[in-house]
There are 2 protein chains.
Amino acid sequence: MTTINDIAKLANVSRTTVSRVLNNNGYVSDEVRKRIMKIVEETGYIPSLSAKSLRTKKSGVIGVILPKISTETASRVVSGINEVVAGENFQILLTDTELNKEKEIEYIRLLQSRHVDGIILLATNINDRLISTIEGAALPFISLGQDLPGVTSIVYDDYHASVDMTNMLISQGHEKIAFIGVGEEDPSVGIERKKGYFDSLEKHQLPTNDSWIQLGDFSIESGYESMKKIVKRNEGNLPTAVFVVTDRMAIGAMEYLREQGIRIPQDMAVAGIGASTLSQYVTPALTTIDYFNKEAGKKAAELLLQQLKQKKEKEKFIQTYRLIKRDSV
Amino acid sequence: MTTINDIAKLANVSRTTVSRVLNNNGYVSDEVRKRIMKIVEETGYIPSLSAKSLRTKKSGVIGVILPKISTETASRVVSGINEVVAGENFQILLTDTELNKEKEIEYIRLLQSRHVDGIILLATNINDRLISTIEGAALPFISLGQDLPGVTSIVYDDYHASVDMTNMLISQGHEKIAFIGVGEEDPSVGIERKKGYFDSLEKHQLPTNDSWIQLGDFSIESGYESMKKIVKRNEGNLPTAVFVVTDRMAIGAMEYLREQGIRIPQDMAVAGIGASTLSQYVTPALTTIDYFNKEAGKKAAELLLQQLKQKKEKEKFIQTYRLIKRDSV
DNA sequence: CTGAAAGCGCTTACAG
DNA sequence: CTGAAAGCGCTTACAG
């Protein structure tokens, strides 16, 4: 492999000078600069970024920790992150926890050992070990999706999104609104969205009912099963709408309703969250909330890049959202 | 930052010994080993992989070059790759060409400068500069999706998949089968799939017709527009089926048909390729071909890992596929 | 405008 | 079983 020393020898200069040319800093005479560039071209020399990184303590790599790669939300976010960091010549080191909390912590350490310049975590839960690991890492760090204490966080406005969606269903005349949520380990989805639902009902003095409430695990199948339970438990007196906290689970719910010949939206209105491509093309098209995931990814990357340039105070950001009313309601 | 030297000092040994303990090679007395491990724990020491990589010429990182991150195919493949490499403690350095051929070449060089141990390219085109860049890189390299000369390649069986799908439409009694394809820059999708379609028609002595053939650009919208043109040009005498070379474009085509009140499949059968989640939940469910993208990603990663262990001859692999017949036909 | 030297944090023959 | 020394490929004060 050609190294900076080879180039220096071929050009009859010191490697100091070669380095200066390559990095475009310090004075180098035009003549020497040209001579060096020519040799670099000819040899196809590629500088070693490991060596550079060892020396400069900067790697030009951003670590990204995802709960699950093959998810539309994740891929939109990564796409947004990539769009901004690639523009600044950073690359992404990708890491997938497969929803395993231990791996979140493990990967933070791993990314640190790889000398990434910063980390973006698509957070799915909050716990003390996670937070102390982040603090210990002493690295520019952004949490996306959960509000982590002491960490710059970007969160979706889960509470208000959920209130808005429930209000909308109520404004359509629904009084018996079922709910399919997820567990509270994920505070944003599991707690905030549920809270919005209950608060809206309460404000409108509408009844709630345990048999209307089910918990899924984000999968399409779990939406199907949850819907099934709600229908079974309320035969003869079905709720007239169901608010599902993710599009995928909502799609599962719709599938079950279709199988049972329960018409959407005449017999039961369905609403989701996420604005997945799926939501747009199912029949009837699903009413949902767009969280602008790609924009959130961009925002996260921009904040990280800012932090790289100058240490900043930890901040909190709330992403905007948009309710998309479609035929399922 | 704590380094191996700090640990050595604290443990009263040389850094050679610390290195031996950390990497578990060479003889170290149990007593010393324990002493060192204890100090490593206490200090929270994290070895620098840049330094290690500089020294050993191995990084533990696999470069992945994608045409577009936020695509279901890409995310499935990456998920498969990650599953196998993560098991061997490799990470993925992700790179997105945004369908720009120049960037493919640029990123190969970039990944090389980052000392990745190998590269997996989701290839979308074939050209000489690309191939010579790959050869020049002299790195374990896998092409997924296109058969690159001189490079270990995994390809989908585009030709036979396309023949099978067309045969199936014919066996359903269709004699006027329209086709929505893509440009030939992408040989696998643009040439092979088209060839399969034409060969099947020819074998069954069925007519083709220029007004039945359109080219899209992979987007849902382009499927919509292509379908529109086909319908406009054949008013009063529509083909009875349309074979679309990707699910997304097929979804677009279905949308247009629905708008026009052309019933699927009674008035026009629709078939796609890709087995996207979308294809399953759209109404009517789309007949398509499953390419097992995640498996292909796994296979690519396994081949790469094998090459890392021992230089191997370049090989060619053809992925299997499965036709999924659903309500759109 | 240019170069000699030190050093980033590791690993690995080599010697004992 | 353990250590001294060299070296991986860079950058950066420092000196001239």
Side-chain angles (χ1 to χ4, degrees), chain A residues 1-37 39-40 43-61 89 109-117 138-139, chain B residues 1-37 39-40 43-61 89 109-117 138-139:
Chain A
M1 220 186 58
T2 32
T3 73
I4 196 171
N5 282 309
D6 302 328
I7 305 295
K9 252 176 236 157
L10 288 169
N12 258 315
V13 295
S14 74
R15 61 175 180 273
T16 308
T17 304
V18 177
S19 172
R20 278 200 266 262
V21 170
L22 259 24
N23 294 292
N24 230 325
N25 72 30
Y27 301 96
V28 181
S29 74
D30 245 32
E31 189 251 325
V32 170
R33 175 181 307 274
K34 274 177 194 150
R35 183 156 27 114
I36 291 176
M37 286 313 288
I39 293 174
V40 167
T43 54
Y45 164 66
I46 298 181
S48 158
L49 292 183
S50 320
K52 184 168 181 166
S53 149
L54 175 59
R55 183 57 227 248
T56 62
K57 305 287 165 215
K58 286 175 190 163
S59 63
V61 174
N89 289 315
R109 289 175 58 89
L110 180 83
L111 290 171
Q112 206 184 341
S113 77
R114 290 206 181 280
H115 288 172
V116 298
D117 293 335
L139 223 54
Chain B
M1 218 185 59
T2 32
T3 73
I4 197 171
N5 282 310
D6 302 328
I7 305 295
K9 252 175 235 157
L10 288 169
N12 258 315
V13 295
S14 73
R15 61 174 179 273
T16 308
T17 304
V18 177
S19 172
R20 280 200 266 261
V21 170
L22 258 24
N23 295 292
N24 230 327
N25 71 30
Y27 300 95
V28 182
S29 73
D30 245 31
E31 190 250 323
V32 171
R33 174 180 307 275
K34 274 178 195 151
R35 182 154 31 112
I36 291 176
M37 287 313 287
I39 293 173
V40 166
T43 55
Y45 165 65
I46 299 180
S48 159
L49 292 182
S50 322
K52 184 168 183 166
S53 150
L54 175 59
R55 182 59 226 251
T56 61
K57 305 285 164 217
K58 286 175 191 164
S59 63
V61 173
N89 288 316
R109 289 175 58 88
L110 179 84
L111 290 171
Q112 206 184 339
S113 78
R114 289 206 182 280
H115 289 170
V116 299
D117 293 335
L139 222 54

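In what follows, every chain begins at residue 1, and chains take the letters A, B, ... in the order their sequences are listed.
Along DNA chain D, the nucleotide nearest to B:K57 and the one nearest to B:E31 differ in position, and the one closer to the 5' end is contacted by B:E31.
Between A:A8 and A:S14, the shortest heavy-atom distance links the atoms CB-C, 3.8 Å. Nearest heavy-atom pair, A:Y45 versus A:I7, reported as atom, atom and distance to 0.1 Å: CB-CD1, 3.6 Å.
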Please report the C-alpha distance between B:T17 and B:R35 in whole Å, then the side-chain angles of each, then the deciding distance to 0.1 Å, and finally whether the side-chain contact (heavy atoms from CB on, under 4.5 Å) criterion is met. CA-CA 11 Å; B:T17 304; B:R35 182 154 31 112; over 6 Å; no

From CA spacing to verdict: side-chain contact (heavy atoms from CB on, under 4.5 Å), A:K34, A:I39: CA-CA 9 Å; A:K34 274 177 194 150; A:I39 293 174; over 6 Å; no

Using the rule given for side-chain contact (heavy atoms from CB on, under 4.5 Å), can you reason through B:R109 versus A:I46, listing the C-alpha separation, both sets of side-chain angles and the distance that settles it, and then say yes or no? CA-CA 7 Å; B:R109 289 175 58 88; A:I46 298 181; 3.7 Å; yes

How far apart are the C-alpha atoms of A:S50 and B:H115, what are their side-chain angles, what is the distance that settles it, and do they pass the side chain to side chain donor-acceptor pair (under 3.5 Å) test? CA-CA 7 Å; A:S50 320; B:H115 289 170; 2.9 Å; yes

Check the pair A:I4 / A:S19 against side-chain contact (heavy atoms from CB on, under 4.5 Å), numbers first and verdict last. CA-CA 8 Å; A:I4 196 171; A:S19 172; 3.9 Å; yes

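Sorted by residue number, the members of residues 14-21 of chain B with any non-hydrogen atom under 4.0 Å from DNA chain C read B:R15, B:T16, B:S19.
Consecutive pairing runs in DNA chain D reach the stem threshold at C:1-3 with D:14-16, C:5-12 with D:5-12, C:14-16 with D:1-3, where a stem means at least three Watson-Crick or G-U wobble pairs with distances under 3.5 Å.
Panel note: side chain B:D117, backbone B:K58; no donor-acceptor pair is recorded below 3.5 Å.
Residue A:R15 is tested with A:L22, A:T3, A:D6, A:N5 for a side-chain contact (heavy atoms from CB on, under 4.5 Å); the sole match is A:N5.
First and last contacts of DNA chain D with chain B, using any nucleotide atom under 4.0 Å from a protein heavy atom and ordered 5' to 3', fall at D:dC1 to D:dG9.
Within 6.0 Å of NZ on B:K57 lie more than 12 heavy atoms contributed by other residues, nucleotides or ligands.
Residue contacts for B:N5: at a heavy-atom cut-off of 4.0 Å it reaches no nucleic acid atom on any strand shown.
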